Amino acid sequence: MKTSKIFYILSLGALTLGTVGCSDDYLDRPPLNQYTAETFYSSDEAVIKATEPLYNKAWSYYNNNAIIGMGSLRANDTFNPYNNAEFGLFQTTGLTQDVSHAWGAMYTVVTFANAIINNIPRYSYPEVSEDVKNQAMGEAYLMRGVAYFYLLRAWGEVILFEDNDEAANAPIRPLNTEESVLKFVIRDFERAAELLPARGKDNHPSLYAAKALLAKALLAQSGWNKTQRDEQTLQRVVSLCDEVINSGVYSLLDDYENLFRPQYNDNEETILAMRWADPLVGGWGTVNALVPTLTFAEVTDVGGWGGNLAPTFDMLDYYNEEPADSFRLRATFFSQGRYYSYIRSENGGYTYTKKWMQNKKGVVGSTADCDGHLKQQASPLNTYIMRYADVFLIKAEAILGNQSSTSDAEALKAFNALRLRAKLPARTKPITFEDIIRERRIEFCMEYSNWYDMVTWYRWRPQYMLDFFNHKQHRGIIINEGDILRQEDNTFSYTGFPTGTWYFSRWDLDSNGDGQNDEVRYWNDGLRDSNGDIVSINGVPQDLEHGYTFNVDSLIRTKEADGAVTVTLSERNIFIPYPESDVLQNHYFREDPVEYQFNEE
């Protein structure tokens with residue numbers, strides 16, 4: 001492990017915790033001066049202050065850009081060749097900058113958490129209450145578990161350590177097995193649940209946050225590298241979900257769209273989030289710097305070079321399957337004709353008019369829309385780590401377990417909780433694993449989390465997921481402005497082209513009757529001319545009603561000879577390559593992983 005990356009950050013961050021200031025309640029206090037570990041933990045306030053970097057500064061290099069590629073582009077929520085395309089095309093290497101940034105950020109969370117866990121019992125002054133010490137240590141266990149849970153699902157085998165000094169003195173360490181990492185994560189969440197209070201104060205997490213994340217980790221463990229999910233573990237998952245649901249701590253926000261507006265930060269659906277500093281006072285690393293990557297000029301007054309992330313073919317197919325699911329769609333992507341009263345409110349709102357779709361989540365609008373709390377590279381919006389909605393789908397999936405389908409009343413109730421919130425009719429027929437995948441992809445699209453769930457499923461059902469990745473998803477296809485049309489029934493017609501070549505098209509048809517052959521493009525619902533109109537062959541309209549089919553796999557194969565970039569997933573590229581600098585300095589990265597020796601053993 002590269003000590004200059006991890007422990008240099010630790011020395012400047014975890015031991016000078018007072019330099020970090022954040023927004024809202026406990027995160028909005030004046031900065032303290034620099035302290036050593038021996039002098040820092042002098043009061044309840046100081047001990048709570050020590051947890052602040054766990055929610056922002058430690059994550060900054062992950063959140064600044066890598067989070068989109070790792071969580072959303074790899075899941076095929078979205079794609080654009082000019083925005084982290086190597087993640088969507090599965091072309092990342094050990095030299096990809098955002099790979100190193102994410103790896104370093106997650107280990108920064110680990111080192112911050114280790115410092116709190118080890119220093120509070122040693123250095124807390126007598127004035128510090130036991131409740132506060134337990135709370136701070138519980139938060140550290142919780143966030144360390146979160147960091148390692150991300151590391152596991154991004155890289156697989158990673159290095160576990162609990163003592164920063166010990167790791168600094170012997171940084172060349174072997175990788176630990178995936179099973180060890182998952183066991184470590186579960187142990188951390190269990191310890192957090194034992195230490196955290198039933199009700200978090202000032203938006204601090206409660207013990208139910210730990211139990212919700214524990215349920216998610218146990219669901220992963222139930223099938224990790226197994227042919228069948230463990231039934232006893234699944235029962236425990238359901239029990240934990242019920243504890244969270246019946247706790248009264250959380251509730252689903254009535255309006256899905258409000259989940260992604262800064263005025264609703266720390267809402268009743270938030271289980272855990274990266275909580276960023278107020279852009280007007282926060283320093284670099286403490287603010288949400290994603291705003292220019294996600295924002296385009298029409299919707300803001302602070303500038304932005306992003307907003308070019310369109311939905312993929314498979315996301316568009318999901319939306320077309322159920323056009324009534326418009327509330328979640330309009331909160332996730334801008335689409336033609338949609339009006340937003342709270343975007344550019346100073347101008348009376350904003351209507352999206354392009355024949356395209358662009359990401360909406362993460363777009364907070366203008367300075368006026370954020371009550372003045374917005375800068376060019378600083379958004380006031382929190383970044384969800386886990387929402388209460390997740391608990392319902394965890395419960396439904398755990399009840400489904402190893403069955404092909406379930407009509408269990410509790411599973412349907414959990415599954416329908418999100419559908420009813422989205423103003424959709426309740427599901428009455430049995431739910432399947434495919435239904436769980438679909439619901440998750442729509443509910444959490446563009447929240448940088450879908451890929452992590454896909455890896456969990458892959459470790460349980462590898463062949464099923466490889467088939468899903470390679471035949472039910474279509475990666476690397478570019479959708480430009482003009483390539484998406486909203487129809488009267490609120491479905492979308494769409495076309496595009498594979499990276500590296502031209503559109504799915506043919507040039508042997510006279511589309512307008514002028515005696516000249518024209519370019520005619522393959523759309524999902526028919527052959528269309530340059531005006532977007534359906535063309536006919538021998539008087540027969542080339543649309544779905546008249547037998548037209550749209551086979552993306554076949555169309556991609558026709559383009560391979562022209563240089564189309566095709567994406568095939570396998571065991572070799574499901575996990576992200578390790579940063580090259582770490583591999584060069586640590587020979588263990590080229591050797592088999594080992595089991596972690598837990599202290600209690």
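Remember, predicted model here, so these are calculated numbers, not experimental data.
Proximity of P380 to L374: side-chain heavy atoms (C-beta onward) are separated by under 4.5 Å at one or more points. Looking at heavy atoms from C-beta onward, V594 lies out of side-chain contact with Y588 at the 4.5 angstrom threshold. Inter-residue side-chain proximity for L569 and I574 is flagged as met; some heavy-atom pair is nearer than 4.5 Å. Considering only heavy atoms from C-beta on, M446 comes within 4.5 Å of F333 through its side chain. In this structure, the side chains of M70 and Y452 come closer than 4.5 Å at one or more pairs of heavy atoms. Residues F260 and E447 meet the side-chain proximity criterion, which asks for heavy atoms closer than 4.5 Å. No side-chain heavy atom of L290 sits under 4.5 Å from any side-chain heavy atom of W276.
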Please report the C-alpha distance between R475 and Q473 in whole Å, then the side-chain angles of each, then the deciding distance to 0.1 Å, and finally whether the side chain to side chain donor-acceptor pair (under 3.5 Å) criterion is met.
-> CA-CA 6 Å; R475 289 177 164 76; Q473 294 187 301; 2.8 Å; yes

Could you walk me through whether N63 and T383 pass the side chain to side chain donor-acceptor pair (under 3.5 Å) check?
-> CA-CA 8 Å; N63 186 76; T383 304; 3.2 Å; yes

I would like to know whether T312 and D314 meet side chain to side chain donor-acceptor pair (under 3.5 Å); could you show each step before the answer?
-> CA-CA 5 Å; T312 55; D314 42 301; 3.3 Å; yes

Go through the steps for L218 and I186 under the test side chain to side chain contact (heavy atoms under 4.5 Å, CB included), then give the verdict.
-> CA-CA 7 Å; L218 285 168; I186 289 168; 3.7 Å; yes

S180 vs E595, side chain to side chain donor-acceptor pair (under 3.5 Å): CA-CA, chis, key distance, verdict = CA-CA 6 Å; S180 289; E595 297 291 331; 2.9 Å; yes

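At distances below 3.5 Å, at least one donor-acceptor pair connects side-chain atoms of N586 with backbone N or O atoms of R173. Panel note: side chain D77, backbone L73; no donor-acceptor pair is recorded below 3.5 Å. Counting only distance, with no hydrogens or angles, the side chain of R74 and the backbone of F90 share no donor-acceptor pair below 3.5 Å. With S72 contributing its side chain and Y448 its backbone, the two residues share a donor-acceptor pair below 3.5 Å. Without hydrogens or angle criteria, N84 side chain to F87 main chain gives no donor-acceptor distance under 3.5 Å. Put simply, the side chain of N118 gets close to the backbone of E162: a donor and an acceptor are under 3.5 Å apart. Panel note: side chain R440, backbone L393; no donor-acceptor pair is recorded below 3.5 Å. Of the possible donor and acceptor atoms, one in the side chain of N288 sits under 3.5 Å from a partner among the backbone N and O of L381. Under the 3.5 Å distance criterion, the side-chain polar atoms of W155 are matched with a main-chain donor or acceptor of P577. Using a distance-only test at 3.5 Å, with no hydrogens or angles considered, no donor-acceptor pair links the side chain of T92 to the main chain of E86.
Partners of F433 by ring pair (Phe, Tyr, Trp, His ring centres under 6.0 Å), not counting sequence neighbours, listed by chain and number: W457, W460, Y464. In this structure R229 satisfies the salt bridge (Lys or Arg N to Asp or Glu O under 4.0 Å) test together with E397, sequence neighbours excluded. Residues forming a side-chain hydrogen bond (donor to acceptor under 3.5 Å, both in side chains) with Q358 (at least two apart in sequence, or on another chain): Y352, K354.
The side-chain contact (heavy atoms from CB on, under 4.5 Å) with M137 is formed by just one residue from the set L196, V47, L195; it is L195.
Ion pairing of K49 with E52 is present here, as a side-chain N (NZ or NE/NH1/NH2) and a carboxylate O approach within less than 4.0 Å. Look at E443 and R387 and you find a salt bridge, because one of the NZ, NE, NH1 or NH2 atoms lies within 4.0 Å of a carboxylate O, short of that distance.
Annotation: Y61 is not in aromatic contact with W103 [ring centroid separation under 6.0 Å not met]. A ring-centre distance under 6.0 Å is not found for F40 and Y123.
Shortest non-hydrogen contact noted between V181 and G156 is CG2-O, 4.4 Å. The two residues N382 and D266 come nearest to each other via the heavy atoms ND2-OD1, 3.3 Å.
A donor-acceptor pair shorter than 3.5 Å cannot be found between the side chains of Y458 and Q463. Checked by atom type, the side-chain pair W224/E178 shows a donor-acceptor distance below 3.5 Å.
At least one cation-pi condition fails for R144 and Y141: the charged atom is not both under 6.0 angstrom from the six-membered ring centre and inside a 45 degree cone around its axis. The side-chain tip of R153 points at the ring of F149 from less than 6.0 angstrom away and within 45° of straight on.
Using a 30° and 60° split on the angle between ring planes, Y596 and F598 fall in the perpendicular class, above 60°. Ring planes of F296 and F334: perpendicular class, angle over 60° (limits at 30 and 60°). Note on ring orientation: taking the six-membered ring where Trp is involved, the planes of F469 and W451 are tilted (angle from 30° to 60°).
Within 6.0 Å of atom CD in Q97, 12 or fewer heavy atoms from other residues, nucleotides or ligands are found, so the atom counts as exposed in its surroundings. Within 6.0 Å of the CZ atom in R572, the count of heavy atoms belonging to other residues, nucleotides or ligands does not exceed 12.
In this structure, the separation between CD1 on I437 and CZ on F468 is 5.0 Å, given to the nearest 0.5 Å.
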